[in-house]
Amino acid sequence: MVYSIRFSEDEQETIEQYALLHAMKISEVIRKATMEMIEDEMDVRAFKEAKERFEKNPVIYSHEDVGKELGFL
């Protein structure tokens, strides 16, 4: 799919310089930045949900307990 994005001259220059510095195409820079932003937000959401679950049931397992549970020990 193709999208059209408008950037200011300063933004365009920054993106072009970044792409040049990292030997990437501009489309790669934009795709990578977009996906990283989405993944970061998903990570924050997952952390908040895990933290909320832990606060409701604060059970902690040792490395040994986990190893035994998974059959490694």
Side-chain angles (χ1 to χ4, degrees):
M1 182 168 280
V2 176
Y3 292 95
S4 176
I5 305 170
R6 287 183 170 67
F7 294 104
S8 70
E9 288 182 23
D10 288 342
E11 291 168 334
Q12 182 178 345
E13 179 66 23
T14 300
I15 294 167
E16 289 172 355
Q17 289 299 316
Y18 184 91
L20 185 62
L21 180 66
H22 294 282
M24 297 171 70
K25 294 179 180 180
I26 291 172
S27 61
E28 291 175 294
V29 171
I30 295 168
R31 184 180 309 107
K32 182 179 178 189
T34 301
M35 294 310 299
E36 286 179 4
M37 180 185 68
I38 292 168
E39 290 168 1
D40 288 349
E41 185 173 327
M42 291 170 69
D43 289 344
V44 169
R45 185 177 304 148
F47 168 76
K48 287 179 179 178
E49 290 172 1
K51 183 175 182 266
E52 194 174 288
R53 282 193 308 273
F54 178 77
E55 288 171 348
K56 289 179 182 176
N57 185 23
V59 177
I60 298 174
Y61 300 95
S62 70
H63 288 294
E64 187 175 318
D65 291 340
V66 173
K68 287 178 183 175
E69 181 71 26
L70 296 174
F72 298 137
L73 301 177

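The first residue of the sequence shown is numbered 1, and numbering continues consecutively from there.
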Query raised in the report: How long is the span from the CG atom in Leu20 to the CD atom in Glu16, to the nearest 0.5 Å?
Result: 9.0 Å
Report task. Taking all heavy atoms of Val66 and all of Tyr61, pick out the closest pair and write down the distance. Result -> CG2-CB, 3.8 Å
Query raised in the report: Val59 and Leu70: same hydrophobic cluster, using ILVMFWY side-chain contacts below 4.5 Å?
Result: yes
Query raised in the report: Does His63 NE2 have over 12 foreign heavy atoms under 6.0 Å away?
Result: no
Query raised in the report: Closest heavy-atom contact between Met24 and Tyr18?
Result: SD-CE2, 4.4 Å
Query raised in the report: Which distance, rounded to the nearest 0.5 Å, do you find between the CG of Asp10 and the CD1 of Ile15?
Result: 11.0 Å
Query raised in the report: Are Val29 and Phe7 co-members of a hydrophobic cluster defined by side-chain heavy atoms under 4.5 Å apart?
Result: yes
Report summary line: Rounded to the nearest 0.5 Å, the CD atom of Glu39 sits from the OG1 atom of Thr34 at a distance of 11.0 Å
Query raised in the report: Would you call Glu9 and Glu13 a side-chain contact if the rule is heavy atoms closer than 4.5 Å?
Result: no
Requested in this report: Considering only NZ, NE, NH1 and NH2 on the basic side and carboxylate oxygens on the acidic side, decide whether Glu64 and Lys68 come within less than 4.0 Å.
Outcome: yes
Query raised in the report: Considering all heavy atoms of both residues, which atom of Ser8 and which atom of Glu11 are nearest to each other, and what is their separation?
Result: N-OE1, 2.8 Å
**Report entry** Heavy-atom side-chain contact between Lys56 and Glu52 under 4.5 Å
**Finding:** yes
Requested in this report: Find the distance between CE (Met37) and NZ (Lys32) and round it off to the nearest 0.5 Å.
Outcome: 14.5 Å
Query raised in the report: Given the rule that I, L, V, M, F, W and Y join up when any side-chain heavy atoms are under 4.5 Å apart, are Ile30 and Leu21 in one cluster?
Result: no
